[in-house]
J.: 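Have a look at this one before I ask anything.
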Amino acid sequence: MSVFGIDFGNLNSTVAITRYGGVDIVTNEVSKRETTTIVSFLDEERFIGEQGFDRYVRNAQNTIFLLKRFIGMRIDDPELEIERKFLTCNVKGDEEGRLMFSVNYCDEEKCFYPEQVLAMMLQRLRTYVNEAATTDPRVRADVRDFVITVPSYYTAEQRRLMYQASEVAGLHCMSLINETTASAVDYGIFRGTSLKETEEEGQVVGILDIGYGATDFSVCKFWRGNCKILARTFDRNNGTRDCDYCLYEHMVNEVKERYKVDVTENRRARLRLLQACERLKYLLSANQSAPLNVENLMDVDVNIASFDRATMESLCSGVLDRVRAVIERGFVEAGVTREHFHSIEMIGGGCRIPMLKRLVEDVLGRTPSFTLNASETTARGCAIVAAMLSPKFQVREFKISELPTYPILLGYHAENPRSPSAVPFLPDVNKVVRLLGAADSYPKKLDVRFPFRGAWKLYAFYDYENALVKEMVLPGRYVIGEWDFGAPAKARGSVQEMKVRIHVKPDGLLEVEKAEAIDVYEVEVEEPAAKSAEAPAAPATGEAPAETEKANEEAPKMVKKTKESSLPVSVKPNLDIIGHKSESIVGFRKAEADMHERDCRIVRTREKKNELESYILDFRPRISTGGMLADYTPADAAADFVRQCDADEQWLYEDGENASYDEYDKRVQALRAIGDAANHRLRSREDAEFASKTFRTRMAAAAKKAVDFVGKKEHVTEEELRAVAAKAEAACTWADSQLAAMHAAAKTAETPITAADFERKAVEMEQEVNKVLTKPAPPKPKEEKKEPETKAEEDAAAEAEDAAAEAEDAAAEAKEAAPANEETPAPRADVDLD
């Protein structure tokens, strides 16, 4: 029983699994805790993660990297021009303008959406989780529930596409969570005892995530069991890869000046130099100077013996200025001064670069904090949120109050609105209300009332006049929701309003939970009689006549009152307003299943081919003349085996290079029929000889045990013990005769005795010995009453009986003579039987 969380990164992705033992980071096939986010297509196979990274340079034109940057991107997006300097494969647009990667797969050009490639990556990460979910290799785990991170600047369409990618991969994404929010969960949930009880006394902490492609800064307030996001600022085009590119541009000029080679003319050379600059950045993070060496770069060996850290920092000054701007904007939007910050937690790959550490220290006025694991805290926070959402776990309560990145409006068509509004991209909308503002928070549920006019439509869209929306969202992509509302059932009165419950979910998406028409109608009810202040005076006679009572009775008054009732209204969301169409997702899922099956088949075929090759190399010298299995194989079978090995080896390196799984398996089984049989005969003889030694030791111990038991119990006779000891010794003689028969038999025949036979015989003899040793003792005879032998003894016995009878009579008389309320002890008779 497990759930997991994925930190989906530009460069690497990290997976954390939650189980009863806590939260653990999952390692991949090469025991790394981070898996490169990359997919490489080669021939008919996909190489994902670390396998794809190994083929990145050699197969760059068919390798997809920096996947997170392209989720939901359009071919006309201005951001695509920024990404082209890092992009290695070709891209094109579909009929709707969505970006697709064009690669050579299965000997033809294939186009994949970024969401399809993300599904491939999720499939691979899921295999790591399944391997970590069970310690028993015979049990196959199938973990499907997870939470994945997204950048805070992702739009509703990009978030919807993340869900669709998990659906294509066959997984259940329980929720999305912003990256810094996941880190805030990991920070706050384990500090419950050190946090204050109220929001006013809360602890303000900044979480600065300097990743590979973007910088994100969140200002959070923590108090007991709660986290509230006060402000969030980001720069989606400034990260550590920009430091790499600054070094790359400098090294391009350096190589051109020193070696007269233009690296920009060769794609492979560009990638190799960019990777060398990335390694140089890592070295300069720990050293004041470091070398840069690239062998055979366009037929030259680039060797720069020493490169200073100060030079790198001067080249990356623009990157530093943009990080500073992100932090300072966060201070302003949060309305919190530097002095009121408890700390700034640095995470991401950039937190290891000294110049960025000094920058944060300069802006904050004190050293930043590093209590969170820079590479794993986001994945851990995801796994914790997954456990919170799963009914399988009980997790400490921790509430998160998110801050919307983009303001959201609702639009509809109203009859004769007082203050009409026009929306350029929704011509039938004439009324707009604000759902989420920049200072609001979510998740939450809102009951919004709209004027009723029968069937109608409701739209949700970003505030297109907002500066951030203009910068981050493409024109024409503002609408994020559309719902069709039906007419209510027959009303008793008039319906003038409709109440719609809108849920702003933790992932930032909207959902209309229900809609109700407010039916207003009138009913007649009896007006309660007014109570008089004083009771009427009674007549003098003390009796009220019937006429008086009738006069006092007033006729009941009926009044009309207005009541309301709710009538359910059908709601139909337009699921295709954002993301891919539903039928496209079905096709993507089938294609992913086919590609996954092809990958598995290729892997199984490769393993079977390796099995055939290794079997030939292992067993041919063993069965050949002079080999360890030569004597255990019939001469004709050995000759056939060697001949078949030679033929299969030649076939493997010629026509059998790309054979099918069944062909490899057929050849392997044909060889195993001879080789395994010979090996079994050898092992059976060796096992029988070893078992015979153990058998003799056990029989000697059993015989000694029987002999040592002599005289310890009277009912176990020495003859029985000697006899069973002799049987144990005779068993040793039997073992010698069986071994002699085995040695006399031909080695090519099956062994007449096996280790299992010795074991059965040993158990049988030990049980027989133990049966004698544990034989129960015979029951003891009952004691008979001794009869008197002489006359004197008879007389003495008679006198004793008479004396006893007299004593009993005396005791009875004394008891009758004693008072009723007193207890008289019985007299004691001392009788001497002699």
Side-chain angles (χ1 to χ4, degrees), residues 138 615 618-642 669-781:
R138 297 169 296 178
Y615 200 85
D618 286 347
F619 278 80
R620 182 170 53 188
R622 297 183 187 182
I623 295 180
S624 299
T625 304
M628 59 184 297
L629 297 178
D631 295 338
Y632 298 88
T633 309
D636 55 345
D640 292 342
F641 183 87
V642 174
Q669 297 306 324
L671 294 178
R672 282 189 176 277
I674 300 175
D676 288 358
N679 189 61
H680 174 71
R681 288 189 284 269
L682 170 63
R683 296 300 175 217
S684 297
R685 283 178 171 262
E686 292 178 347
D687 293 345
E689 290 182 359
F690 181 80
S692 67
K693 296 178 182 178
T694 306
F695 179 82
R696 293 190 189 91
T697 303
R698 292 170 66 177
M699 292 302 97
K704 184 176 185 302
K705 185 177 180 181
V707 172
D708 292 345
F709 204 75
V710 172
K712 290 189 177 179
K713 289 187 178 180
E714 295 180 357
H715 65 281
V716 181
T717 64
E718 182 177 356
E719 291 76 12
E720 291 176 314
L721 294 173
R722 298 288 183 186
V724 76
K727 287 185 178 182
E729 293 173 353
C732 294
T733 305
W734 169 85
D736 294 337
S737 64
Q738 294 294 325
L739 277 182
M742 183 184 72
H743 291 149
K747 293 184 178 180
T748 56
E750 295 298 326
T751 55
I753 187 69
T754 64
D757 296 332
F758 283 114
E759 177 64 23
R760 283 193 297 270
K761 184 70 172 178
V763 171
E764 179 184 345
M765 292 305 304
E766 288 173 343
Q767 289 177 349
E768 189 170 349
V769 171
N770 289 332
K771 184 178 180 180
V772 174
L773 299 183
T774 59
K775 185 176 71 172
K780 294 182 179 180

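For reference, positions follow the sequence shown, starting with 1.
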J.: For R685 and M742, indicate whether the former's side chain and the latter's backbone hold a donor-acceptor pair under 3.5 Å.
T.: yes
J.: So, for A678 and T633, which heavy atoms are closest and what is the spacing to 0.1 Å?
T.: CB-OG1, 3.1 Å
J.: Could you tell me whether the side chain of K775 and the main chain of V716 form a donor-acceptor pair under 3.5 Å?
T.: no
J.: Given the rule in the side chain to side chain contact (heavy atoms under 4.5 Å, CB included) test, do M765 and K727 qualify, once you have shown the distances and angles that lead to the verdict?
T.: CA-CA 8 Å; M765 292 305 304; K727 287 185 178 182; 3.6 Å; yes
J.: So which atom in R681 and which in T751 form the shortest heavy-atom distance, rounded to 0.1 Å?
T.: O-CG2, 4.2 Å
J.: Keeping the roles fixed (side chain from D736, backbone from T733), state whether a donor-acceptor pair exists under 3.5 Å.
T.: no
J.: Between D618 and R622, does the salt bridge (Lys or Arg N to Asp or Glu O under 4.0 Å) criterion hold? Intermediate values first, please.
T.: CA-CA 7 Å; D618 286 347; R622 297 183 187 182; 5.2 Å; no
J.: With a 4.5 Å heavy-atom cut-off, do I674 and F619 have their side chains touching?
T.: no
J.: Going from CG on N679 to CG on L629, what distance comes out if it is rounded to the nearest 0.5 angstrom?
T.: 5.5 Å
J.: Going by ring pair (Phe, Tyr, Trp, His ring centres under 6.0 Å), name the residues that satisfy it together with F758, two or more places apart in sequence or in a different chain.
T.: F695, W734
J.: Are any non-hydrogen side-chain atoms of L721 and L773 less than 4.5 angstrom apart?
T.: yes
J.: If you compare all heavy atoms of V769 against all heavy atoms of A702, which two are closest, and at what distance to 0.1 Å?
T.: CG1-O, 3.9 Å
J.: Could you give me the CA-CA distance, side-chain angles and deciding distance for R683 and E686, then say whether salt bridge (Lys or Arg N to Asp or Glu O under 4.0 Å) is met?
T.: CA-CA 5 Å; R683 296 300 175 217; E686 292 178 347; 2.9 Å; yes
J.: Can you check whether V763 reaches R698 side chain to side chain, under 4.5 Å on heavy atoms?
T.: yes
J.: Give the intermediate values and the outcome of side-chain hydrogen bond (donor to acceptor under 3.5 Å, both in side chains) for residues D687 and S684.
T.: CA-CA 5 Å; D687 293 345; S684 297; 5.8 Å; no
J.: Can you tell me how far apart OH (Y632) and CD (E750) are? Round to the nearest 0.5 Å.
T.: 12.5 Å
J.: Okay, side chain of N770, backbone of E766: is any donor-acceptor separation there less than 3.5 Å?
T.: yes
J.: For F709, what residues pass the ring pair (Phe, Tyr, Trp, His ring centres under 6.0 Å) criterion, not counting sequence neighbours?
T.: none
